[in-house]
A.B. asks: 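Here it is: the structure, laid out below.
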Amino acid sequence: MSESMQTEDSSQSKHVVCTICDIGCQLRAEVKDGRLARILPHENPLLARNICYKGVAAPDIHNHEDRLRVPLKRVGERGEDRWEEISYDQAMDEIAERLSAVIEAHGPEAFAVSTSGWNTQTTHSMDRRFMNLLGSPNWISGVSLCAGNTAAVNRLTYGWFPMPEIANTKCVVLFGHNPRPHSWTPIYNAINFARSQGAKVIVLDPRVSSQAEVADLHLRLRSGTDAAMCLGWLKVIFDEGLYDEDFVRDWCVGFEELRARVDEYPLERVEAITGVDRELIAEAARMYASADSAVIPWTPITDQQISSTSAIRLHSILRAVTGNLDTPGGEGLGGFNPGYIPESELGLHEVLSTEQKAKQLGYDQHPAYTYRVAEILRDATEKTWGYPYADIVMGCQMANPSLVFRAMENADPYPIKAFFALGNNALLSYPNQNQIHRALLNQDLIVSHEIFMTPTAMLADYVLPGDVFSERNHVADSWSWSTRLTLSEKAVDPPPEASSTFQFWSDLAQRMGLGEHFPWKSLDEVLDHRLSRSGRKFSDFAAGAGMEAPPAEYRKYEKIGFATPSGKVELYSSVLEELGFDPLPYHRDGAATSADYPYRIFTGVREDAFFQTGQRNIRVLRRKSPLPQLFLHPEDATREGLSDGDWARLETEFGHVTAQVSVQESMKEGHVRVPHGWWYPELRGKEPLAGAFLSSDAVLCSDEAEYLDYEQGIPNFKGFPGRVVQAEAPKSFPAMFSEKR
Ligand SMILES: Nc1nc2c(c(=O)[nH]1)N[C@H]1C(S)=C(S)[C@@H](COP(=O)(O)OP(=O)(O)OC[C@H]3O[C@@H](n4cnc5c(=O)[nH]c(N)nc54)[C@H](O)[C@@H]3O)O[C@H]1N2
Ligand SMILES: Nc1nc2c(c(=O)[nH]1)N[C@H]1C(S)=C(S)[C@@H](COP(=O)(O)OP(=O)(O)OC[C@H]3O[C@@H](n4cnc5c(=O)[nH]c(N)nc54)[C@H](O)[C@@H]3O)O[C@H]1N2
Ligand code: SF4
Ligand SMILES: [Mo]
């Protein structure tokens, strides 16, 4: 496979894993004259449908005129967006010197890093390795609002984060999650395949989403009430004896306590909280629990609400008590791929001292995904899975972002004075954007590793150009979430002064006296090292099938148990109890709507054209989605005197965004959708930080303790109170994007 393939017109093509979004489709990159010319589907018919128009647009992104190609150093005031060009070596020398000065003055914990790793792909946990050797626990990530925190919370119940066998199941339950042709395409295709094989699909969504339209059952719950819904399902499942008694008896602890908690949620109460008819709740619970096999695929919706920990735990509890753990067509507990050294190991989490781990922000207040839990689960994880730190989806030993930004702003409880963002637009990617802004303004050193000049990069001291997936080799393993390995081959050269994130960390380590721990001279050597456990090099892997996975093995717990303190599935969580939290799941409402703020707001409904805060500068994509939109139900729009295409301001107690109104029958009355991630590359130089404060959802939510999920400190993005008022279009909008639709 490493042999380049000739396409019809004699251009070359390579196999690549797309990183424009986080699902990682396997595609082909066609090269002409040393440039990425086209993206094509994979030639394997089983993979060929896994492609969306963002992937097809990769040449527009990778070859874009605005792509960062040389390192930049700030010359104006912070955020003023004035730069001088500087060589990579000079930039790295200065960064090392200034980071050393911060650590000298304030200690290693004064250094924080934010990254999500999806896009940059090549870090191989070298960031954690570097920080752990240096002594900083303050690594934060967008995955704290995505699959990373879900992974960490799943571990509380059964010690791993399961991967659903969607294509092979008889029932798929989608809590909001709405895969479609241009969003998480492989999952969309897998759901369609399951459906074609007779699987039922249950959708829980306030809106009539595209999955809801074709679902067997659609439960239009109020935003933010997923935990109550799951408690209602359990009530039906327990009362009607629909659970797997043998599995519960032999492999679960805390059933009686859980049952008593569930009894506090009779269906009348669940109906009152969720707004869904109790008969429909019961029907859905029966359909799920009675299916021969069933999956509840990961969903970001429960990652981002005030009862997040309970809701995620309830999904894990439902999987367990219905006997769908590690079964065919259920949810596989994979463990590490034995032939590929996991990032958990490369990250060297064991070298960070107990004292420094305890300084991780979040460790005391919101510990669920911090080192505090990682340490509690360490021995069980080693016993069950062979390695003590299971950093699944990078999310299992993170600091709490809100507390990190607070420390950056106020030195509370200690100062953080150096902040690096790699492949992450941090300003817009967490709650409380105003605090993040103040936090960034109060830094001694900010480094951004990016492919475009984002609002976060504009606030940096140094902006380093990153490479992209067509310019580097990789073997992807879904960050230990699955055991499948997929090949991505370098097709073209990166700009000479661009670096991979591996190279960045390695070069910094050499300059800061940590070189002996970074013995690999190139990214390819790291890949060789990771594959050495199966006696291979990257070239051997590349010459193979390009995709491999160990054969599925079911019910492994019968041999190895579960990686929890009891070795069983903990329906009653001993870890949460030890941490002083409620060991049983519960519902808490985050939407105290009032006469002033009468609507339940939710962020999300990802836009097909973009990944998160990216791609607003890619014409072919922006044309498909030129402006940010608030979705309103027709009745609500009429009540507010708003029509389709009008401009409106969405206000909460904490901030406001301006966006265009889209009146949609499919919306649930009383709810408003606000999009995530909007800024305006075309307003660079015209609005501060390219309009980053005009329409970004991150200004709407508080991250004071009372508004956060208790256990993880997750903000409430699903179901918070707000109001909508008429507004003018932002004045600085250029013609192209300001016309009414
Ligand atoms: N307020 C708010 N915050 C959120 C969310 C929300 O809905 N609202 N959603 C959360 C979710 S679900 C997620 S997954 C996270 C996502 O968080 P991230 O995945 O970090 O996404 P972004 O913050 O958009 O930052 C991605 C950046 O990577 C850059 N980039 C792309 N490719 C490369 C590359 O190859 N190399 C380098 N160096 N950079 C690259 C892009 O230009 C972009 O600026 O955000 C979370 N945060
Ligand atoms: N094109 C494209 N695809 C993407 C992304 C992208 O940015 N662009 N991002 C990727 C990432 S990182 C993620 S995390 C996923 C997210 O993608 P999805 O999981 O599909 O999530 P969303 O599109 O944000 O919202 C899905 C649904 O949740 C419903 N919803 C809102 N509030 C609630 C609630 O409280 N409970 C329930 N049950 N439903 C609710 C909304 O009505 C909406 O229909 O998409 C991935 N795919
Ligand atoms: S769904 Fe689209 S953007 Fe995401 S990996 Fe696949 S092709 Fe790339
Ligand atoms: Mo996400």
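Start at 1 and go down the list; that is how both ligands and their atoms are numbered. FYI, side chains are in, hydrogens and waters are out, and symmetry mates aren't considered; it's all heavy atoms of this structure. We're numbering straight along the sequence, starting at 1.
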A.B. asks: Pull out every atom of ligand 2 sitting under 4.0 Å from any heavy atom of W298, numbered as shown with elements.
C.D. replies: 14 (S)
A.B. asks: Let me know which protein residues bring a heavy atom to under 4.0 Å of ligand 1; chain then number is fine for ordering.
C.D. replies: S116, W118, N119, T120, G142, L145, C146, Q304, G423, N424, N425, L428, S429, Y430, H449, E450, I451, T454, D467, V468, R472, T603, R606, F611, Q612, T613, H676, D697, A698, F717
A.B. asks: Say whether N154 and R319, considering side chains only, have a donor N or O and an acceptor N or O under 3.5 Å apart.
C.D. replies: yes
A.B. asks: When the ring planes of H474 and H124 are compared, do they come out parallel, tilted or perpendicular, using 30° and 60° as the limits?
C.D. replies: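 Rings of H474 and H124: tilted, 30 to 60°.
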A.B. asks: Kindly give the heavy-atom pair with the smallest separation between K490 and K14, and that separation in Å.
C.D. replies: O-CE, 3.6 Å
A.B. asks: Side chains of T274 and R222, heavy atoms from C-beta outward: is any pair under 4.5 Å?
C.D. replies: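 A side-chain contact under 4.5 Å is absent here.
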A.B. asks: Treating S125 as the side-chain partner and R128 as the backbone partner, does any N or O pair qualify as donor plus acceptor under 3.5 Å?
C.D. replies: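 Not confirmed, S125 side chain does not pair with R128 backbone.
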A.B. asks: Going by the order shown, which atoms of ligand 2 are within less than 4.0 Å of some heavy atom of H177?
C.D. replies: 18 (P), 19 (O), 20 (O)
A.B. asks: Considering only heavy atoms, does R673 approach ligand 2 within less than 4.0 Å through its side chain, its backbone, both, or neither?
C.D. replies: neither
A.B. asks: Near R49 CZ, under 6.0 Å, is it more than 12 heavy atoms from other residues, nucleotides or ligands?
C.D. replies: no
A.B. asks: Is the shortest heavy-atom distance from the side chain of T185 to the side chain of I51 under 4.5 Å?
C.D. replies: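 T185 vs I51: side chains apart.
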A.B. asks: Going by the atom numbers of ligand 2, which of them fall below 4.0 Å from some non-hydrogen atom of G224?
C.D. replies: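 Atoms satisfying the 4.0 Å criterion: 34 (C), 35 (O).
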